[in-house]
Amino acid sequence: MSADGPGHYDVLVIGAGFSGLYALHRLRGLGLRTLVLEKAGEVGGTWAVNRYPGARCDIESIEYSYSFSEEIQQEWVWTETMPAQPEIESYANFVADRLDLRGDIALHTEVIAMTFDEPSSQWRVRTRCGQTFVAPFVVAASGILSVPLEPDIAGMDTFAGTSLFTGRWPRDGVDLGGQRVAVIGTGSTGVQLIPVVARDAAELVVFQRSPAFTLPWRVRPFEPGELDGLKAGYAEIRAAQRAHPVGAARLSAFSVLLEMLARPPIKSATPQERSRAVEEHGVLGALNWGDVFFDIEANRMATELYGEAIARIVDDPDTAAALVPSHPFACKRPIIDQGYYETFNRDNVTLVDLRRGGIEAVTPTGIDTEQGAFEVDVIVYATGFDAMTGALSRIDIRGRDGVALRDVWADEGPVSYLGLQVAGFPNLFTVQGPGSPAAATNFIAALEHHVEWIGDCVSSLRAQGYRTIEALPSAQEEWIEHTTSLVAPTVLVHPTCNSWYNGGNVPGKKRMYMGYTAGLPEYRRRCEEIAAGGYTGFKLS
Ligand code: N01
């Protein structure tokens with residue numbers, strides 16, 4: 001590791017996931033002595049630990065990949081249209097090797113505290129092993145979905161069988177053959193996991209608190225020569241991505257939603273037109289109306305149709321009814337699946353709709369609910385994440401006057417300026433912080449922009465002799481007003497929606513929509529304008 005004193009660097013990066021890997025490459029390329037601190041024993045971040053069966057990205061591989069290196073995008077070989085977890089993890093390792101990053105990554109190095117020393121304008125960063133690192137700049141590349149949320153169910157630790165958490169699935173896998181398995185949680189993770197577990201396990205009991213809206217999708221291996229053809233046109237593919245609001249111009253979970261916005265309203269459709277939509281296009285046809293995002297009544301009408309579409313797939317009418325969501329469509333992240341509803345026609349699968357009676361406790365032999373007891377050998381918790389702010393809230397981060405970041409976010413909600421900085425925390429950059437487009441876009445496209453903006457900013461400050469940059473409270477306030485005004489007319493903020501987008505999935509977390517929904521091109525334009533204007537909204541000193 002390159003250092004001019006024990007633990008002294010120009011920039012410290014927290015996390016060696018996709019953001020951290022690119023940050024290291026970019027910052028090093030700018031001549032900055034950079035060290036990445038990673039708590040895990042491997043690179044890849046969220047994609048290295050969410051190893052549950054069925055884990056897969058819902059954006060096409062040729063777009064869910066770094067665009068900054070022509071060599072990397074030409075050399076790496078994707079095998080499927082939408083990549084599965086093992087391939088994404090291998091890709092992260094390939095990039096780390098190809099760019100010779102490992103020498104500047106400290107693995108097994110968990111940051112637990114950091115303090116901004118005002119006289120020296122330096123961050124002092126402490127790790128669990130007791131090391132201290134010092135640098136004027138810190139880039140938090142700690143992930144938006146990197147802190148798994150374990151539910152608070154009585155008796156969880158008394159279970160005598162195997163407890164598994166999708167967010168830290170055993171590296172060597174788990175043989176579920178012949179086992180009675182419970183899955184708790186039916187978000188994106190549960191919806192991917194459930195069809196695969198159903199095929200492997202002797203019995204599967206799905207504990208569902210909120211049914212998902214999910215659209216069927218075909219993932220397939222590339223045909224011979226297909227990937228080469230795509231790679232030959234990579235310049236056009238990347239240009240189209242850059243121009244697209246979600247940073248993915250080909251079909252993805254997000255682009256399906258965007259296309260819906262341009263569709264006619266359900267409210268002016270005739271009953272025949274509505275029925276035909278379901279007959280011809282199933283669950284997608286049920287939801288494919290332009291007014292569902294803005295009009296809660298239209299949303300309810302679409303949900304009713306959605307129920308009809310489910311009933312055409314799921315044989316048992318009770319089970320079909322139990323799979324119909326109660327929250328508005330689109331207030332949670334879109335999900336795409338492979339054979340989710342068909343799974344509930346299997347003899348070895350039981351659905352427990354917790355809206356009819358919740359979980360009371362985990363016992364040594366299984367799960368007790370208000371509807372009865374279920375004996376199982378394995379419990380899988382697919383219960384989500386403390387998203388966006390979770391990773392940094394777990395570090396004791398002290399900015400000006402010793403103020404703790406976790407207290408600011410607890411009191412004011414997940415505030416930030418551009419999702420890049422929080423007022424009162426100079427020289428601390430957040431990659432994909434709250435208020436940035438991350439949550440509703442192709443994360444890789446979004447992170448590339450953030451990393452590049454941060455690198456340019458640090459270089460520019462140093463060239464001009466500035467030591468600190470910090471978001472102004474007034475600019476932060478205006479940004480939050482702007483981001484919240486964008487979603488105010490939509491179902492994204494409906495009170496019945498508890499989602500990681502708004503923090504409603506974490507007990508006690510202050511609710512605030514944490515994304516920027518005007519799209520990546522508009523966001524980029526604003527960030528470039530701010531930089532060109534001498535970093536308007538930031539104080540430089
Ligand atoms: O988490 P979630 P996730 N008792 O929060 C339930 C990304 N991702 O890991 O909704 C019973 O969506 C909870 O119920 P409720 C993607 O961005 C991407 O599935 O709170 N149930 C919900 O059903 C995604 O949005 C990919 O009522 C409990 C589930 O657990 C994000 O990760 C794949 C419970 C959590 O769903 C998060 O998805 C996977 C309890 N005590 C993930 N506590 C792809 O790229 C929670 N639940 C495709």
Side-chain angles (χ1 to χ4, degrees), residues 18 45-47 49-61 63-64 82-85 88 143-156 165-169 182-194 196 205-215 217 219 246 248 252-254 257 323 325-328 330-338 340 351-355 357-362 367 369-370 379-388 390 432 438-444 446 496-507 509 514-515:
F18 278 86
T46 295
W47 282 112
V49 290
N50 281 267
R51 309 172 63 82
Y52 60 87
R56 180 181 291 281
C57 185
D58 55 11
I59 295 172
E60 291 198 19
S61 46
E63 294 194 321
Y64 193 81
M82 288 187 181
Q85 179 276 334
I88 301 174
I144 65 170
L145 293 160
S146 52
V147 177
L149 201 60
E150 286 186 18
D152 185 16
I153 303 173
M156 275 172 62
F165 298 85
T166 50
R168 44 189 167 86
W169 198 262
V183 171
I184 301 179
T186 49
S188 298
T189 301
V191 165
Q192 287 188 330
L193 173 86
I194 284 162
V196 183
V205 189
V206 176
F207 292 85
Q208 168 200 267
R209 190 164 71 182
S210 299
F213 284 99
T214 171
L215 303 173
W217 210 263
V219 175
V246 299
S252 71
F254 292 118
L257 278 194
L323 286 163
S326 324
H327 61 271
C331 83
K332 298 190 181 201
R333 189 185 184 281
I335 305 181
I336 58 181
D337 69 85
Q338 283 149 78
Y340 182 66
L351 178 67
V352 181
D353 182 3
L354 297 172
R355 293 172 299 183
I359 294 177
E360 288 173 327
V362 173
I367 297 176
T369 74
E370 290 164 353
I379 301 178
V380 181
Y381 296 92
T383 43
F385 300 88
D386 183 357
M388 307 295 295
Q432 309 299 336
T441 58
N442 174 354
F443 183 67
I444 307 271
T496 58
C497 182
N498 290 325
S499 139
W500 68 261
Y501 279 174
N502 59 28
N505 67 325
V506 181
K509 190 163 175 174
M514 289 189 273

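Every number for a ligand or one of its atoms is a count from 1 in the order of the listing. Residue indices begin at 1 and follow the sequence shown.
- Not one N or O on the side chain of T441 forms a donor-acceptor pair closer than 3.5 Å with the backbone of A446.
- When non-hydrogen atoms are compared, ligand 1 lies under 4.0 Å from the side chain of L145 (C-beta onward) but not from its backbone.
- With a 4.0 Å cut-off on non-hydrogen atoms, I184 touches ligand 1 through its side chain and not its backbone.
- Using cut-offs of 30° and 60° for the angle between ring planes, the Y381 and F165 rings count as parallel.
- Under 4.0 Å from ligand 1, not a single heavy atom of Y381 appears.
- For ligand 1, the atoms sitting less than 4.0 Å from at least one non-hydrogen atom of P151 are 41 (N), numbered in the order shown with element in parentheses.
- When each atom of ligand 1 is checked for a heavy atom of R56 under 4.0 Å away, the hits are 44 (C), 45 (O), 48 (C).
- Residue A382 approaches ligand 1 through these ligand atoms, each under 4.0 Å from one of its heavy atoms: 29 (C), 30 (O), 35 (C).
- Here the CD atom belonging to Q432 is positioned 5.0 Å from the CZ atom belonging to F443, to the nearest 0.5 angstrom.
- Of all protein heavy atoms, the one closest to atom 9 (O) of ligand 1 is T189 OG1, 2.6 Å.
- Of the residues listed (V183, I194, L323), the one engaging Q208 in a side chain to side chain contact (heavy atoms under 4.5 Å, CB included) is L323, and it is the only one.
- The distance from ligand 1 to the heavy atoms of S210 drops below 4.0 Å at these ligand atoms: 10 (O), 15 (P), 27 (O).
- Of all the heavy atoms of F385, the ones lying under 4.0 Å from any atom of ligand 1 belong exclusively to the side chain.
- Residue-ligand proximity, Y52 to ligand 1, at heavy-atom distances under 4.0 Å covers atoms 33 (C), 39 (C).
- No hydrogens or angles considered: nothing links the side chains of Y340 and Q192 as a donor-acceptor pair under 3.5 Å.
- Close approach of ligand 1 to G185 is summarised as follows: ligand atoms under 4.0 Å from at least one heavy atom of the residue are 6 (C), 23 (O), 29 (C), 30 (O).
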